[in-house]
Number of protein chains: 2
Amino acid sequence: MKLNTKSRYAVMALADMSKFPINNPVSLRDISLRQSISLLYLEQIFLKLKKNEIVKSVRGSSGGYVLKRDPKNIKLSEIFQAVDQKVKTVGCKKDSKKGCNGKSVKCITHELWDELDIYINNFFENKNLSDLLMTKERKN
Amino acid sequence: MKLNTKSRYAVMALADMSKFPINNPVSLRDISLRQSISLLYLEQIFLKLKKNEIVKSVRGSSGGYVLKRDPKNIKLSEIFQAVDQKVKTVGCKKDSKKGCNGKSVKCITHELWDELDIYINNFFENKNLSDLLMTKERKN
DNA sequence: TAATACTTGACTATTTTAGTCGGGTATATA
DNA sequence: TATATACCCGACTAAAATAGTCAAGTATTA
């Protein structure tokens with residue numbers, strides 16, 4: 001059970017941005033340097049974040065990306081969805097009336113995986129970007 | 001974020017076994033047929049479960065595998081550990097005093113991933129094999 | 001007009017996953 | 001005691017997913 005780098009980097013990059021005054025464009029180059037994430041990879045990730053209305057872009061020199069909303073209003077679950085990281089622990093379809101793996105009955109552990117999905121999603125639903133910063137501040 | 005088949009099959013197979021009287025060897029062939037899991041793959045999985053003292057084997061004709069403990073006392077977290085499925089959502093080492101990715105500081109989201117790991121592990125710590133069967137019975 | 005920075009699709013190497021294969025050994029029962 | 005059943009185990013492999021890179025742009029500002 002592992003998180004992929006895309007989601008991890010997305011959260012890291014957005015957390016990085018949150019530390020700067022809103023409306024102040026932050027360039028991917030800077031994020032790349034500060035967080036040690038490949039610039040080219042970041043570009044890929046931010047396109048998705050943009051499409052999903054989490055950030056907006058400011059083109060041209062001294063441009064960059066800007067959070068589209070207050071960090072308080074950006075849930076981690078949104079970020080994950082944006083970068084295609086579904087939290088879907090197994091193949092058999094969630095809530096499917098039909099069975100799993102083409103059979104006519106639900107697999108014996110079906111309810112368990114459904115429950116797990118909900119449980120994990122819940123974690124991300126209840127955390128927003130500003131929560132991350134607060135934790136950080138308390139510690140240092 | 002996805003569960004691998006090894007852990008899923010392990011739980012499915014053990015849940016299947018739990019339905020039979022304890023001390024009655026259940027053959028992998030039967031589990032394979034009932035749960036539609038490749039026999040050869042099951043063998044791989046059960047070797048691990050055996051090494052980790054979750055089942056014991058009865059060799060020879062009319063042999064099979066037997067749960068080593070009451071289903072009530074087999075936590076899902078044990079099963080996951082047995083089949084090498086660490087719940088470790090990211091690369092940076094849990095609780096590491098040093099930084100992440102070879103840097104001297106913790107990555108900005110480090111605490112978050114630690115928290116997530118604990119959260120998920122908690123789910124598996126608090127569920128045992130017999131819980132699965134009970135859910136099943138309530139529903140049918 | 002040069003430099004900065006976003007835009008986009010296609011491509012690729014690496015790693016992980018999900019198995020299979022082959023050749024065993026042990027034991028019950030006919 | 002033969003034989004079928006069932007566990008044992010390491011090595012191998014195809015396919016999919018991941019984690020990026022590359023090339024060739026466009027927009028904007030200093």
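By convention in this document, chain letters (A, B, ...) are assigned in the order of the sequence lines, proteins followed by strands, and residues within each chain are numbered from 1.
Applying the 4.0 Å criterion to OP1 and OP2 of C:dC6, one finds that A:Lys50 has every side-chain N and O outside that range. In this structure, A:Ser27 does not reach the C:dT4 phosphate: none of its side-chain N or O atoms is under 4.0 Å from OP1 or OP2.
Remark: B:Lys127 is not positioned above the aromatic ring of B:Phe124, lacking an NZ or CZ atom under 6.0 angstrom from the ring centre and at most 45 degrees off the axis.
If you check every strand for non-hydrogen atoms under 4.0 Å, A:Phe46 touches nothing.
A:Leu33 places its CG atom 11 Å from the P atom of C:dA5, with the value rounded to the nearest Å. Straight-line distance from the CG atom of A:Leu47 to the P atom of C:dT8: 6 Å, rounded to whole Å. B:Ile45 has its CD1 atom 15 Å from the C1' atom of D:dC8, to the nearest Å. One can place CE of A:Met1 at 17 Å from P of C:dT16, the figure rounded to the nearest angstrom. One interatomic measurement links the two molecules: CG of B:Leu42 to P of D:dC8, which rounds to 13 Å at whole-angstrom precision. The distance between atom NZ of B:Lys56 and atom P of D:dC8, rounded to the nearest whole Å, is 13 Å.
When the side chain to side chain contact (heavy atoms under 4.5 Å, CB included) test is applied to A:Asn4, the partners found at least two apart in sequence or on another chain are A:Lys6, A:Ser7, A:Gln85. Taking the side chain to side chain contact (heavy atoms under 4.5 Å, CB included) definition, one finds that A:Ser38 meets it with A:Leu40, A:Tyr41, sequence neighbours left out. Residues passing the side chain to side chain contact (heavy atoms under 4.5 Å, CB included) test with A:Lys2: none are found, sequence neighbours excluded.
Other members of the hydrophobic cluster containing B:Val58, listed by chain and number, are B:Val66; membership follows side-chain contacts under 4.5 Å among ILVMFWY residues, whether direct or relayed.
Residue pairs meeting the ring pair (Phe, Tyr, Trp, His ring centres under 6.0 Å) criterion with at least one member in residues 49-71 of chain A, sequence neighbours excluded, are A:Phe46-A:Tyr65.
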In 5'-to-3' order, the base (B), backbone-only (S) or no-contact (-) status of each nucleotide in nucleotides 19-27 of chain D, using a 4.0 angstrom heavy-atom cut-off, is BBBB--BBB
